[in-house]
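Written below as structure tokens is the structure these notes are about.
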Amino acid sequence: MNVGFRKLKRARAIGALCAALGLGLGARVAKGADRDTRPIVVVVEGDASSWTNELRQAIARELRMHVIAPDDPKAPSSRGTLLVSLSTANAEVLVRYTPAQGSEIARSIHAPENHARAVRATTLLVGNLVRNEAQEILDAARKPSRPRADTASGSASSATPIPETADPDNGGPNAPTSNPREPAPGDVGPEPSDTPADASGRVIPTLPVLQPMALIERPCVKRQASAPYFPVVGALVHPLATNFRAPHIKTNFALNLVYGRAGRVQGLDLGVAGNVGCDVDGVQGQFVVARAGGRVRGLQVSGVVSWTDETLTGIQGSLAFNRARRVEGAQVASLNVAREVSGGQFAFVNVARDVVGGQFGFINYAGDVEGVQIGLVNVARRVRGLQLGLVNVSENADVAVGFISLTKSSYIRPVVWLGSSTYRSLNVGIRFDTRWMYQQLAFGYVDGSNFNDASTIQTWGFHALKPDDNGFLFDLEIGTLQRFAAPEEEDKLRAFGHIVGGWRVSKRAAFFGGMGIVFAQKPNDSLVAPDVIAGAIF
């Protein structure tokens, strides 16, 4: 009997174990079968359209899903469509998610100005939206909590509902580290705080509240949602126009004799003065003023002013003034103004906050530059690239070449040296030292060849060693020497190159010597001669 009873218990235990394993395996198979492997469609609009590939890759990593474009053959069978729109004008990122089954969800956040941070914030917002994490937190927050005594009146009131979180010490949800004492009716409660906490005073981690986006972040797009369409519109002086009752009309061709208005142009906008309230996809050409309230993708040209409230993707040109919030292409005018430039600005005066590309003009002014500034006067906060001009000013520049280059870390030092240069010469000047480059402006006195005259010397050099470190210095330099009173049979302009070495005693004193060659073209022959220099920097 006992043996049979034990066998029966053993058989029952084995059966229960097999049943549990079977249920677990079945659940895993079902979970794998229920997993949605369909791709998700990602559409990028607004000022982030140039980041489309970067955003799609980041979203794919965040969601761990296959991301496709709207024109992909798999798009009709996708699990949903994700619309990402960035407006630098309103500094907002809007994300709309429309699942294949279900209603649309939309949220927006403030857009960081930094590109990398904006991409990261957008990716986190997408993950939060698709997984609907905010809704999970709100559902958990609606759970009733244990009432506790009100510190002011002694009556029972509901504490602030909180989501359950794992306790790091006890491992359980919301498990207190000790038994908290219930507050007595006469106790004075803690000071109110913006950081939520439970009864034991433990801080509750929270996510930022994401408010649904009620309005489209680009105002002109909202106006265009209900605007009528007609392929051709014409105007004398608006409202003396075919669209006098519909200034926000969508059209493919707009023609005005003096002044015309339209809401959106996908094609051509031609005339004397044109005002498009939203986007232009194509060409906007006006004799006097061309203005777009949205973005321009194509060509915007005018005789006096070309103006775009948002992003210009293409070319913006005028004889006088160009203005755009963001440029992805080129601006050509007498004065160019933009907030961000990815491309080039060509004008007498160029102004921008951030430049990735180049500024080319007489006066160039920018915040951060990744590329080049070439002009007579170049001013920037930080230059990751080259400044080339007569005067270069920046807080920090990789390479600055000019007669005067000033940076936050630069030094202005007097310099004196003697040179052979075939003739004996004494030179006194000023040296502008930057991290890798230096320029010298000097006057010299030339003695020899039966005449006395003066000269000016311009020198450009490269530091092989950091200029403010004590110890050895090693430079490579080239320059020119212009003589004032050379006779007809002598040369007036000489070019030279030197290899310079020396010892830096302190930041304000260094001694150097070097040797090189001098080249000059005389009326009857040329001169190539060795040159030896020696001097001091103070």
Side-chain angles (χ1 to χ4, degrees), residues 388-392 397 399-407 409-487 490-522 526-538:
L388 177 62
L390 294 177
V391 178
N392 303 310
V399 179
V401 179
F403 286 99
I404 298 176
S405 295
L406 301 175
T407 67
S409 58
S410 66
Y411 298 92
I412 302 177
R413 300 180 170 105
V415 59
V416 178
W417 79 94
L418 293 170
S420 62
S421 184
T422 305
Y423 307 109
R424 297 180 298 276
S425 61
L426 173 65
N427 308 292
V428 178
I430 299 177
R431 180 178 174 120
F432 302 91
D433 275 305
T434 62
R435 173 63 184 87
W436 294 109
M437 302 284 296
Y438 66 89
Q439 293 86 44
Q440 289 179 176
L441 300 178
F443 289 94
Y445 175 77
V446 179
D447 179 20
S449 188
N450 299 320
F451 66 90
N452 297 321
D453 64 25
S455 63
T456 60
I457 302 99
Q458 301 83 34
T459 306
W460 299 269
F462 171 77
H463 291 299
L465 300 177
K466 195 173 181 180
D468 55 354
D469 288 343
N470 296 340
F472 289 105
L473 65 86
F474 184 74
D475 300 334
L476 302 174
E477 65 181 28
I478 58 174
T480 60
L481 184 148
Q482 177 73 43
R483 296 169 58 184
F484 290 128
E490 295 293 338
D491 56 283
K492 293 187 177 182
L493 179 65
R494 295 187 175 188
F496 59 82
H498 296 139
I499 299 175
V500 181
W503 183 264
R504 191 176 303 283
V505 180
S506 66
K507 289 184 178 182
R508 306 303 301 179
F511 301 95
F512 64 88
M515 61 184 304
I517 58 173
V518 172
F519 172 81
Q521 182 65 46
K522 295 184 177 183
S526 60
L527 168 69
V528 178
D531 190 25
V532 179
I533 61 173
I537 306 170
F538 302 98

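We count residues from 1, following the sequence as given.
In terms of the ring-ring contact (aromatic ring centres under 6.0 Å, His included) criterion, residue partners of Phe496 (sequence neighbours excluded) are, by chain and number, His498. The side-chain hydrogen bond (donor to acceptor under 3.5 Å, both in side chains) check on Gln440 picks up Arg431, with sequence neighbours excluded. Take Ser405 and apply the side-chain hydrogen bond (donor to acceptor under 3.5 Å, both in side chains) test, not counting sequence neighbours, and it matches Asn392, Gln439.
His463 NE2 to Tyr438 OH: the interatomic distance, rounded to the nearest 0.5 Å, is 6.5 Å. Note: Ile430 CD1 to Ile404 CD1 = 8.0 Å, rounded to the nearest 0.5 Å.
For CG of Leu493, the number of neighbouring non-hydrogen atoms (other residues, nucleotides, ligands) closer than 6.0 Å is greater than 12. Residue-environment remark: CZ (Phe443) stays at or below the threshold of 12 foreign heavy atoms within 6.0 Å.
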Handout entry: side-chain contact (heavy atoms from CB on, under 4.5 Å) evaluation trace for Leu476 with Ile499
Key = CA-CA 5 Å; Leu476 302 174; Ile499 299 175; 3.9 Å; yes
Practice task
Carefully, step by step, assess Phe512 and Trp417 under the rule side-chain contact (heavy atoms from CB on, under 4.5 Å).
Solution key: CA-CA 9 Å; Phe512 64 88; Trp417 79 94; 3.8 Å; yes
Practice task
Go through Val415 and Val428 one step at a time and tell me if the side-chain contact (heavy atoms from CB on, under 4.5 Å) criterion holds.
Solution key: CA-CA 6 Å; Val415 59; Val428 178; over 6 Å; no
Exercise for the section: For side-chain contact (heavy atoms from CB on, under 4.5 Å), just list the numbers for Ile412 and Leu406, CA-CA rounded to whole Å, side-chain angles, deciding distance to a tenth of an Å, and then say yes or no. Expected result: CA-CA 8 Å; Ile412 302 177; Leu406 301 175; 3.6 Å; yes
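The two residues Leu473 and Ala510 come nearest to each other via the heavy atoms CD2-CB, 3.9 Å. Nearest heavy atoms, Trp460 versus Gly402: NE1-O, 3.5 Å. Heavy-atom minimum distance, Ser455 versus Leu481: CB-CD2, 3.8 Å. Looking at every heavy atom in both residues, Ala520 comes nearest to Arg494 through CB-CG, 3.6 Å.
Using bins of under 30°, 30° to 60° and over 60° for the plane-to-plane angle, the ring pair Trp503/Phe472 lands in the perpendicular bin.
Using a 4.5 Å heavy-atom threshold, the side chains of Val416 and Asn427 count as separate.
With 3.5 Å as the limit, one finds a donor-acceptor pair spanning the side chains of Gln458 and Thr480.
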